[in-house]
**Q** 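Got a structure here, written out as structure tokens. Questions coming.
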Amino acid sequence: MPSKKEEKKVSYPIKPSDINAESLPLAFSGNEESKKFITALILLAQKNGDWRDFYLKQLTVQCRSGKFERFFVSNGLIKKNADKTYSFTHGFVARCFVGAPATEDLSLWRKIEFKK
């Protein structure tokens, strides 16, 4: 696990608490395993209180790195770092928020940038 000094955090206007983790599986299409990963990723960020980098072993769902990377990294939802940690991408955070917002605060919607 990265030490406090080494942890890298990405700043987004959307906080993990702005996403309703319980509603995420309903907001995404795909297989059940992918939906469990998405929920586990958001729950980890909510536990940490931010979007800091993470190791796969920190997730509450068991997954093989190959399968995780095929779905999340190859689709640009999660970034794999040189130090074997993973980072949340803006696209992942925005999609989760749009799919399952936990807030009625409309000002957050104006801060989301969708990339083509």
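For this chain, numbers begin at 1 and follow the sequence in order. Only heavy atoms go into these numbers, but all of them, side chains included; no hydrogens, no water, no symmetry mates.
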**Q** Using the rule given for side-chain contact (heavy atoms from CB on, under 4.5 Å), can you reason through Phe92 versus Ile42, listing the C-alpha separation, both sets of side-chain angles and the distance that settles it, and then say yes or no?
**A** CA-CA 10 Å; Phe92 177 80; Ile42 294 301; 3.8 Å; yes
**Q** Enter the distance from Ile19:CD1 to Cys96:SG here, rounded to the nearest 0.5 Å.
**A**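 If we round to the nearest 0.5 Å, Ile19:CD1 and Cys96:SG are 5.0 Å apart.
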**Q** Does Thr85 use its side chain to pair, donor to acceptor, with the backbone of Asp53 at less than 3.5 Å?
**A**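 Not at all, since once roles are kept as given, no pair shorter than 3.5 Å links the two residues.
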**Q** What is the ring orientation for Phe54 with Phe88, classed by angle as parallel under 30°, tilted 30 to 60°, or perpendicular over 60°?
**A**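 Because their plane-to-plane angle lies in the 30° to 60° range, the rings of Phe54 and Phe88 count as tilted.
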**Q** Work out which heavy atom in Ala100 is nearest to a heavy atom in Ser23; give both atom names and the distance.
**A**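 Looking at all heavy atoms of both residues, the closest pair is CB-CB, 3.9 Å.
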**Q** Kindly compute the distance separating CZ (Phe37) from CZ (Phe71), expressed to the nearest 0.5 Å.
**A**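 Between Phe37 CZ and Phe71 CZ, I get 9.5 Å after rounding to 0.5 Å.
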**Q** Hey, is the main chain of Asp50 close enough, under 3.5 Å, to the side chain of Asn48 for a donor-acceptor pair?
**A**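 Checking the backbone N and O of Asp50 against the side chain of Asn48, no donor-acceptor pair under 3.5 Å is found.
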**Q** Only counting residues at least two apart or in another chain, list the ones meeting side chain to side chain contact (heavy atoms under 4.5 Å, CB included) with Ala102.
**A**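 Expected list: Asn20.
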**Q** Between Thr89 and Leu77, is there a donor-acceptor pair closer than 3.5 Å when you use the side chain of the first and the backbone of the second?
**A**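 Answer holds: yes.
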**Q** Are Glu69 and Tyr86 close enough that some pair of their side-chain heavy atoms sits under 4.5 Å apart?
**A**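 A side-chain contact exists here, since the closest heavy-atom pair is under 4.5 Å.
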**Q** Has Asp18 got a side-chain atom pairing as donor or acceptor with Lys15's backbone, closer than 3.5 angstrom?
**A**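 Yes: the side chain of Asp18 pairs with the backbone of Lys15.
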**Q** Working to the nearest 0.5 angstrom, can you tell me the gap between Arg95 CZ and His90 NE2?
**A**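 Interatomic distance, Arg95 CZ to His90 NE2, rounded to 0.5 Å: 10.5 Å.
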**Q** Under 3.5 Å, side chain of Trp51 to main-chain N/O of Ile14, donor-acceptor pair present?
**A**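 Judged by distance alone, yes, a pair lies under 3.5 Å.
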**Q** Once side chain to side chain contact (heavy atoms under 4.5 Å, CB included) is applied, do any residues pair with Leu43, and if so which ones, sequence neighbours excluded?
**A**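 Once residues adjacent in sequence are excluded, the partners of Leu43 under the side chain to side chain contact (heavy atoms under 4.5 Å, CB included) criterion are Ala21, Thr39, Gln46.
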